[in-house]
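Report on one structure; see the data block that follows.
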Amino acid sequence: MEILTGNRDLLIKEEWPLLTENSDERWARLIHRADLINTLISQLSLESVHLNHKCERIINYDDYAEVHFTNGISVDADLVISADGIHSKARSTFCNVTPVYSDYHAYRAIINEENTFGLASDNTLRIFVNGQVQVYLLPLQYRKQVSVDITVPSEDPSWRPDIEKKDILKHLRNFDPKIQQIVERIEEFNC
């Protein structure tokens, strides 16, 4: 892992993660959310997967859960894996914590490795920092792609704000031109 300034000056370089002094225990697996979902789904029977359903409520019993969806369908399950975001109905079933806005938004995209101008070609997580703005380049090695995450301060508390690329680029004006070019070539961001 490397942490660099927005102009690519190295601040920190370390073997990552540094979990213990035992070199046999120093490893981690990073996986993109879409790949995690595909990995989980590939191990389940098709009838147990309910995509494009919005969870309305979950009733937790001792040995199973009852899941009710807004489309009127309900199912009983031994295990519920929910991917319903920050306002998760599943999360609220098990803990009573309300999400708190962090005053930051993250804009994400997946790009092909060759579109990173060599900044992500060696399977190293790189975090570029300039003030309160960060750009993460996380190589998705087996895909030959890179997850690009741009985290910027924002007073807009909406969870999925609309933003134009020109506004993201304004935050990157003090970053290395290669980083700006990477972002300029991205067609669509997710928040």
Side-chain angles (χ1 to χ4, degrees), residues 1 16-20 22 24-113 120 123-127 134-163 168 186-191:
M1 176 182 77
W16 185 82
L18 185 58
L19 300 175
T20 71
N22 182 344
D24 293 333
E25 295 177 7
R26 290 185 191 167
W27 58 272
R29 298 288 187 255
L30 300 176
I31 187 168
H32 188 267
R33 289 178 293 183
D35 296 332
L36 175 61
I37 290 169
N38 288 338
T39 299
L40 293 171
I41 287 174
S42 73
Q43 301 302 308
L44 302 171
S45 63
L46 290 178
E47 62 271 1
S48 68
V49 177
H50 302 281
L51 300 175
N52 300 317
H53 284 52
K54 185 174 182 182
C55 180
E56 187 171 55
R57 71 177 198 251
I58 300 173
I59 302 170
N60 186 21
Y61 297 102
D62 288 337
D63 57 347
Y64 73 100
E66 191 175 276
V67 183
H68 296 266
F69 300 104
T70 57
N71 60 5
I73 295 173
S74 63
V75 297
D76 294 342
D78 296 328
L79 174 66
V80 176
I81 300 172
S82 176
D84 57 346
I86 190 79
H87 298 287
S88 171
K89 294 288 184 180
R91 181 184 299 129
S92 65
T93 299
F94 301 102
C95 67
N96 197 12
V97 176
T98 304
V100 176
Y101 180 59
S102 67
D103 295 325
Y104 280 84
H105 282 147
Y107 302 98
R108 299 178 176 96
I110 302 290
I111 63 172
N112 291 326
E113 185 180 288
N123 202 34
T124 298
L125 166 63
R126 289 195 172 84
I127 304 168
Q134 300 90 37
V135 176
Y136 299 76
L137 297 181
L138 173 62
L140 305 171
Q141 184 178 17
Y142 81 95
R143 287 179 170 208
K144 299 287 185 206
Q145 292 181 315
V146 176
S147 175
V148 178
D149 291 50
I150 303 163
T151 306
V152 300
S154 176
E155 294 178 10
D156 177 0
S158 60
W159 293 105
R160 295 187 63 99
D162 290 327
I163 190 165
I168 294 173
I186 295 173
E187 291 183 27
E188 184 178 350
F189 290 92
N190 295 312
C191 183

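Proximity of I163 to F189: side-chain heavy atoms (C-beta onward) are nowhere separated by under 4.5 Å. Within the 4.5 Å cutoff, side-chain heavy atoms of H68 are placed close to those of I59. Side-chain atoms of L137 and L125, non-hydrogen and from C-beta on, never get closer than 4.5 Å to each other. Using a 4.5 Å heavy-atom cutoff, the side chains of I110 and R143 are in contact. Residues I186 and I111 have side chains in contact (heavy-atom distance under 4.5 Å, counting atoms from C-beta outward).
In this structure, P139 and A120 approach most closely via the heavy-atom pair CG-O, 4.1 Å. In this structure, Q134 and Y136 approach most closely via the heavy-atom pair CB-CE1, 3.6 Å. When all heavy atoms are compared, the tightest approach of F69 to V75 is CE1-CG2, 4.0 Å.
Of the inter-residue distances, the one linking L140 atom CG with D35 atom CG reads 6.5 Å to the nearest 0.5 angstrom. To the nearest 0.5 angstrom, I150 atom CD1 is 10.5 Å from R108 atom CZ. Atom OH of residue Y107 and atom OG1 of residue T151 lie 10.0 Å apart, to the nearest 0.5 angstrom. Distance check: H53 NE2 to S74 OG gives 10.0 Å after rounding to the nearest 0.5 Å. Distance check, rounded to the nearest 0.5 Å: CG of D63 to CG of D78 gives 7.5 Å.
The number of heavy atoms from other shown groups lying within 6.0 Å of CG (D76) is above 12.
H105 places a side-chain N or O within donor-acceptor distance of the main-chain N or O of S158, the cut-off being under 3.5 Å.
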Check your understanding: Between D149 and S147, does a side-chain hydrogen bond (donor to acceptor under 3.5 Å, both in side chains) hold up when you go through it step by step?
Key -> CA-CA 6 Å; D149 291 50; S147 175; 2.9 Å; yes
